[in-house]
Number of protein chains: 4
Amino acid sequence: MQADLRRPSKGDRTRRRLLDAAAALLARDGPAGVSLSGIAEAAGLQTGSIYFHFGSKDELIATVLEEGLRESLRHLDDALQPHPAGDAGARLWAAVRAHLDALVELSDYAAVVLTMPEPDSDASVATYRSLMQRYRSRWTELVEDAQRSGAVAAGPEARLVRDLLFGAMNAVAGTRRRPGRTPADCAAAVRELLAGPLGPPPGG
Amino acid sequence: MQADLRRPSKGDRTRRRLLDAAAALLARDGPAGVSLSGIAEAAGLQTGSIYFHFGSKDELIATVLEEGLRESLRHLDDALQPHPAGDAGARLWAAVRAHLDALVELSDYAAVVLTMPEPDSDASVATYRSLMQRYRSRWTELVEDAQRSGAVAAGPEARLVRDLLFGAMNAVAGTRRRPGRTPADCAAAVRELLAGPLGPPPGG
Amino acid sequence: MQADLRRPSKGDRTRRRLLDAAAALLARDGPAGVSLSGIAEAAGLQTGSIYFHFGSKDELIATVLEEGLRESLRHLDDALQPHPAGDAGARLWAAVRAHLDALVELSDYAAVVLTMPEPDSDASVATYRSLMQRYRSRWTELVEDAQRSGAVAAGPEARLVRDLLFGAMNAVAGTRRRPGRTPADCAAAVRELLAGPLGPPPGG
Amino acid sequence: MQADLRRPSKGDRTRRRLLDAAAALLARDGPAGVSLSGIAEAAGLQTGSIYFHFGSKDELIATVLEEGLRESLRHLDDALQPHPAGDAGARLWAAVRAHLDALVELSDYAAVVLTMPEPDSDASVATYRSLMQRYRSRWTELVEDAQRSGAVAAGPEARLVRDLLFGAMNAVAGTRRRPGRTPADCAAAVRELLAGPLGPPPGG
DNA sequence: CATGAATGAGTGTTCATTCAT
DNA sequence: CATGAATGAACACTCATTCAT
């Protein structure tokens, strides 16, 4: 009783351990490759505890994604803040850099949400389908602005451009752990390769 | 006796039905998300028949990949033939168009081989690791040539550029079945977006 | 809390039921002839429960063997205790009687461990290979002592004598359930038949 | 047409190849450890051919056993012939030697029939249950004669003595392939160990 | 809150058997 | 006669889920 609001309760800490373990394993193996017993073991707990806190595998994954989404959106907003609403090209560039940063430097949560395949046909992941939509639509707006301002070719559908950017960034980021390859390398490659259609990176 | 060389045997047709079912499901769900019972059911057969024809799940997948690889490489060669060895930029452009064509217009086999994730840590798919390598290294050479000729920025590592192109093309092609989106849309988007670093498409 | 140390938990009782069912079926059909579904059904459970308690078929069998081994060794030690270390012939006789007793009167666990074929080439039973070795080497020492003391012919290799004794005892014990045949019959037959090479049974 | 009775037909040769392969594998792995595909492969044939010649796995095994039985009985008769019907002790000794010889020197057929476990509870091998009975009852008569003549202790039931002898001989013969152990070693051990109850071996 | 225990459907795989050719 | 092909039941094992304690 008299719960201290500052100190997390024992239940909260258990919940956190489960989420951390799930995020780490999801980032490595994807939703299909991860088992609840694996997550529970990595968290030093029993699989039953997952059901108390989350109710199902899908709910657990959805929660991890939600945390990752929140983190990613916060990161994106931070990166966009210095750039005025008018300069759509610079804003899109900043978003690219933020996305790559998130993939290579932020927590597993961000990595999970950014690389999760779009769950088109998989009924078992219906729960978190809508979550992903928020991050994607944020990007669609950035692309639309850039197209309106002429910084990006106006021909292709904005959602298509967004998917192309996602695919390129995630593919390159997926190679970041190879020997002799640094996160900076990956970011530089994406920036340089996309320099044409997006215009030159603002810094020079 | 007097076997008609034209007519495939009953076994060949069964084998083909299994491969087709497997290719379709693999293109949709990936190797981990596909079950042999699902494939057999889609082919109107029993799971045991898979073991008669292929021996194991891995062998079946490897065979699908091999067919897709052969088809994709043939398609790539056809697309490159009209372009002289000297014009590395045009050749890379033609390869992009061929890859996208394969993804949206060729059989499921091509789609499987082109979108299969690189099997880094999964021991169970060791069989077809080397198969993928052939297609990838073909692309790496194309990129290297384009970098040497100045058609593509020489800064980033060629394999990185290749992965970026793969990611971008596959992501865009992955959306090809959405309502109101044609294969041509996807191809146009990739071409236009990459017009800068790759130079303008040869036709215009 | 305040766990009653006397009462075994529900899990312990389930584990025991599985072990008992496994021992009974193993004694009858051997490791290759036994299926986990058969064991689970005999125990009134699902096959999944075996994996919770033992992890694999081999582990289950190894546990049954270990229990049987412990029981058999205890029985052997009890039988040898009254006989002084000096009288090797009497000790070997007592061991024969103890082995036969174990086969016909003790639990299925003892029967399993005593009649299990030596797993020479079967890789899947590597786990319990070492377990059997303990009981066998115990017997080899008994035979060696008897050979040194002259109670048993010194010519043949001790391990060969041990195998001969095992074969004879197990074969006879294997017939113990035929109608009109008592455990005492079997024991008497072995004793009388081996009375020559081992010397007369100590009691007269 | 005009089949030459001397030369075996193609079908006979196929049948023989199957039987030989089956005998070899049965001697090594036992009836439960042998698969029809394994036998067919070892014979360079297809599993379907087994069903043409034998109708079922059980029938195939029964045929192998019958050949082994015939061979073993012939061998036993040859060994007994020099010994007059009156000397029951010498006859039993000769039988022991013949059995061991068959195990270590004759064909796989003999090895199969002599080491096959008595199929008490296994419904799938009901076919050849009666076959084994012939060889066993032959031995029972030998033991009964020896008991009547006083060469073997008259107390135990004759069938029990027979099983003890079988168990001892087969166990020892089962070790004949260990490094540094010759068939002669095994035979000598059995003879020496059983010298008491059976009386000394006739030769000395 | 969390655990230990158990379930039932599912996975890849093996195998005896059947049958058209 | 023999093969190539296919079946269906069984097997060892995994996993998401449930629930009494």
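Proteins get letters first, then strands, A, B, ... in listed order; numbering begins at 1 in each.
- Spacing between atom CD of A:E41 and atom P of F:dA16 amounts to 13 Å, rounded to whole angstrom units.
- We find that CD1 of A:I39 is positioned 11 Å from P of F:dC15, with the value rounded to whole Å.
- Nearest-nucleotide assignment on DNA chain E puts the 5′-proximal partner with C:F52, out of C:F52 and B:G55.
- Interatomic distance, CD1 of D:I61 versus CG of D:L19, reported as 11.5 Å (0.5 Å rounding).
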Trace of the side chain to side chain contact (heavy atoms under 4.5 Å, CB included) decision for C:T63 with C:R15:
CA-CA 11 Å; C:T63 307; C:R15 197 183 146 92; 3.9 Å; yes
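- Rounded to whole Å, the distance from CZ on D:R16 to C1' on F:dC1 is 18 Å.
- A distance of 8.0 Å separates CG of B:L45 from CD1 of B:I50, quoted to the nearest 0.5 Å.
- Between B:S49 and C:K57, the one whose closest nucleotide on DNA chain F sits nearer the 5' end is B:S49.
- Checking the phosphate oxygens (OP1, OP2) of E:dT3, no side-chain nitrogen or oxygen of A:T47 falls inside 4.0 Å.
- Per the geometry, CZ belonging to B:R15 stands 10 Å off P belonging to F:dA5, to the nearest Å.
- The shortest distance between the side-chain N/O atoms of A:Y51 and the OP1/OP2 oxygens of F:dT18 is not below 4.0 Å.
- A pairwise comparison of heavy atoms in B:Q46 and B:A40 identifies C-CB, 3.7 Å as the closest pair.
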Just the dot-bracket of DNA chain E, please: which string comes out with Watson-Crick or G-U pairs under 3.5 Å, [ ] for crossing, | for another strand?
.||||||||||||||||||||
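- Between A:H53 and the phosphate of E:dA2, there is a side-chain N or O to OP1/OP2 separation shorter than 4.0 Å.
- Of the side-chain N and O atoms in C:S37, one or more sit less than 4.0 angstrom from OP1 or OP2 of F:dC11.
- Salt-bridge check for D:D12 with D:R16: failed, with every basic side-chain N at 4.0 Å or more from each acidic carboxylate O.
- C:Q46 has a side-chain polar atom (N or O) that falls below the 4.0 Å cut-off from OP1 or OP2 of E:dG8.
- B:K57 places a side-chain N or O within donor-acceptor distance of the main-chain N or O of B:P31, the cut-off being under 3.5 Å.
- Rounded to an integer number of Å, the gap from A:L18 CG to E:dC1 P is 13 Å.
- One atom, CG of B:D29, and another, P of E:dT11, lie 12 Å apart when rounded to the nearest Å.
- The only option from B:L36, B:L60, B:V64 that meets the side-chain contact (heavy atoms from CB on, under 4.5 Å) definition with B:F54 turns out to be B:L60.
- For C:R17 and E:dA5, the CZ to P distance is 13 Å, given to the nearest whole Å.
- Closest-nucleotide positions on DNA chain F for C:G38 and A:L36 were compared, and the one nearer the 5' end corresponds to C:G38.
- Between C:K10 and the phosphate of E:dA5, there is no side-chain N or O to OP1/OP2 separation shorter than 4.0 Å.
- C:S35 has a side-chain polar atom (N or O) that falls below the 4.0 Å cut-off from OP1 or OP2 of F:dC11.
- Atoms CD and CD, from C:E71 and C:E66 in turn, are 13.0 Å apart once rounded to the nearest 0.5 Å.
- Both C:L45 and B:G48 sit near DNA chain E, but only C:L45 has its closest nucleotide nearer the 5' end.
- OP1 and OP2 of F:dA12 both lie 4.0 Å or more from every side-chain N or O belonging to C:S56.
- No engagement by D:I50 is indicated, since no non-hydrogen atom pair under 4.0 Å with the nucleic acid exists.
- One interatomic measurement links the two molecules: CZ of C:F54 to P of E:dA5, which rounds to 11 Å at whole-angstrom precision.
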